[in-house]
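Structure first, commentary second.
A note on names: the letters A, B, ... follow the listed sequences, proteins ahead of strands, and every chain is numbered from 1.
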2 protein chains.
Amino acid sequence: MARASEQAYERIRAEIISGRFPPGHRLIEADLTALCEVSRTPVREALRRIVNEGLAEFSPNQGAQVVDLAAEDLEALYDLRTLIEGYGAARAATRISPAQIAELESLTGLMEALVDGGVDGAPEAAGANSRFHRIILEAAQSPRLLSVASQVIEAPLVLRTLARYSPDERVRSMAHHRELIAAFRAGDSQWAQAVMISHIKAAFTAIRRDIVQPGPG
Amino acid sequence: MARASEQAYERIRAEIISGRFPPGHRLIEADLTALCEVSRTPVREALRRIVNEGLAEFSPNQGAQVVDLAAEDLEALYDLRTLIEGYGAARAATRISPAQIAELESLTGLMEALVDGGVDGAPEAAGANSRFHRIILEAAQSPRLLSVASQVIEAPLVLRTLARYSPDERVRSMAHHRELIAAFRAGDSQWAQAVMISHIKAAFTAIRRDIVQPGPG
DNA sequence: CATTCCATTTTCGTATACAATTACTCTCTA
DNA sequence: TAGAGAGTAATTGTATACGAAAATGGAATG
């Protein structure tokens, strides 16, 4: 089975994103071996991948630990994300297929339903949101973009942005998704880019409200 | 020694960038084990890193092979690079230290000397050029940016852009470097960004002249 | 002569054992 | 009591062996 490392990757990633491995938590290879029920070799491979996607940080001979975004320059991270996802949305506007647009609509409908139903569908909604963004990046038809984007999209997942939104912010976020779809339908790159930038800036504002950034030095 | 994998990484990278491993060349782990004189474990680790930086591509159960940029969408790659390095230059303009500016000057002087001396100092000049760009990205003071940038900077190294430049283009490239330093001295983000964008667009033009892009489909 | 199928070989994926490095704790001393 | 040092435990880094998947080559068949 060529998926021991894949299995390890998904398991560790889930632990981090769910918050069961909190920021700063050390990722000991032996522990992960037990958790994932595979040997250290695929665990190490999964770890490198997770580090590469920005979910963890790595020090030689000291292993990896879950990234602590509160200690990082969140504004720089979100600026980069704005740049990259904005570019992706612009490219996607002239390349996206009707089938992909239909998928975006379906996901948006799902998320709206989860938001309206008072129950806490946060994890599911987060998953749908991730797929929404991923479809756009895939529609941009640039493998390199996909790979680059993962580095600025994965890390913020530990923040569980959607769960922090106020009701108003949730409504706005859904509106952004609807407007993105409209921009794609129109094939308008600038429009799509502008909405995507708004979407990410809005997310950053919600994050910044919650997380106290460390002063310089 | 924690540097068996590091040693393997540097060796394999050098083989690719020098062209001794040409585009499309299969990177067989056993061969690399012999070449690097370390076991397969660190070789595999080095390979994953090289794949991640975009110097090679990977297929499950089939290993890695050196990236063939002629088969890729070069315009998309360079667009991304423009975006990311332009942003880096803008950030660097307000954060770079005098010592870093001095380093940039020193490297530019070295490159100019290599260009003037008729001998083929291409590999050295390429190294100096890489360091020049790296210092700027470091001056931008965003670890994530550094990591993201590597993915769009490393891959084009296989093209050996500098060696393709005409004498005029070389002069222009040096002028860009000098102008970047001036923009940094002025602390002018927009200026630095504009020059960096020009610098990369110029490189792309030289590349596009040489490489025939495959049609869509 | 082209094609398909099977055996062989090559190569990657995983597990495990060992080496090297780092972190920790306890003791001894000022 | 605070600090330094040595010895021990914990953890990562590397090597090697085995298993699984895929590429290859040749023979049989239409």
Side-chain angles (χ1 to χ4, degrees), chain A residues 1-16 20-68 71 143 147 150 155, chain B residues 1-16 20-68 71 143 147 150 155:
Chain A
M1 48 172 160
R3 58 187 179 286
S5 66
E6 186 72 19
Q7 173 186 329
Y9 165 76
E10 284 171 10
R11 187 66 199 265
I12 298 168
R13 181 177 181 277
E15 297 291 315
I16 294 174
R20 283 210 292 275
F21 286 170
H25 181 256
R26 280 192 67 186
L27 299 164
I28 306 293
E29 293 174 6
D31 298 348
L32 302 175
T33 292
L35 176 74
C36 306
E37 294 173 313
V38 299
S39 80
R40 270 183 64 207
T41 309
V43 162
R44 278 174 69 85
E45 191 167 321
L47 271 182
R48 300 305 154 97
R49 188 170 158 198
I50 282 169
V51 166
N52 233 292
E53 290 178 349
L55 286 173
E57 287 168 345
F58 179 81
S59 308
N61 287 313
Q62 292 179 240
Q65 54 184 66
V66 177
V67 69
D68 184 3
S147 156
S150 76
Chain B
M1 51 173 158
R3 60 187 177 285
S5 66
E6 186 71 18
Q7 173 185 329
Y9 164 76
E10 284 171 9
R11 186 65 200 264
I12 298 168
R13 183 177 180 277
E15 296 291 313
I16 293 174
R20 284 211 291 276
F21 286 172
H25 180 256
R26 279 193 66 186
L27 298 164
I28 307 294
E29 294 174 6
D31 299 348
L32 302 176
T33 291
L35 176 74
C36 306
E37 296 174 310
V38 298
S39 79
R40 270 183 63 208
T41 310
V43 161
R44 277 174 69 85
E45 191 167 321
L47 272 181
R48 300 305 155 99
R49 187 169 159 198
I50 281 169
V51 166
N52 221 286
E53 290 177 350
L55 286 172
E57 287 167 344
F58 179 82
S59 308
N61 288 313
Q62 289 178 244
Q65 53 184 66
V66 178
V67 69
D68 185 3
S147 156
S150 76

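- Summarising the geometry, the separation between CD on A/E29 and C1' on D/dG13 is reported as 9 Å, rounded to the nearest angstrom.
- What separates CZ of B/R44 from P of D/dT16 is a distance of 16 Å, to the nearest Å.
- Without hydrogens or angle criteria, A/Q65 side chain to A/L27 main chain gives no donor-acceptor distance under 3.5 Å.
- Going from atom CG of B/L27 over to atom P of C/dT11 covers 13 Å, rounded to whole Å.
- In this entry the distance linking CZ of B/F58 with C1' of D/dA22 reads 13 Å, nearest Å.
- Distance A/Q65 CD to C/dA23 C1': 14 Å, rounded to the nearest Å.
- Atom pair A/I28:CD1 and D/dA10:C1' shows a separation of 8 Å (rounding to whole Å applied).
- Proximity of residues 34-41 of chain A to DNA chain C (heavy atom under 4.0 angstrom from any strand atom) is restricted to A/V38, A/S39, A/R40, A/T41.
- Residue order along DNA chain C, read from the 5' end via each residue's closest nucleotide, puts B/R26 first among B/R26 and A/E45.
- In this structure, the separation between CZ on B/F21 and CG on B/L55 is 12.5 Å, given to the nearest 0.5 Å.
- With a 4.5 Å cut-off on side-chain heavy atoms, A/Y9 and A/E53 count as touching.
- In this structure, A/R11 and A/L35 have side chains that are in contact, with non-hydrogen atoms separated by less than 4.5 Å.
- B/E29 places no side-chain N or O within 3.5 Å of a backbone atom of B/R44 that could act as its donor or acceptor partner.
- What separates CG of A/N61 from P of D/dA10 is a distance of 18 Å, to the nearest Å.
- The residue B/L47 sits apart from the nucleic acid: no heavy atom pair falls under 4.0 Å.
- Note that the CG atom of B/D31 and the CD1 atom of B/I12 stand 10.5 Å from one another [nearest 0.5 Å].
- Distances shorter than 4.0 Å separate none of the side-chain N or O atoms of A/S5 from OP1 or OP2 on C/dG13.
- Residue B/Q62 places at least one side-chain N or O under 4.0 Å from the OP1 or OP2 atom of D/dA23.
- Protein atom CD of A/E6 is 12 Å distant from nucleotide atom P of C/dG13, rounded to whole Å.
- The pair A/R40-A/E45 does not count as a salt bridge, with every side-chain nitrogen at least 4.0 angstrom from each carboxylate oxygen.
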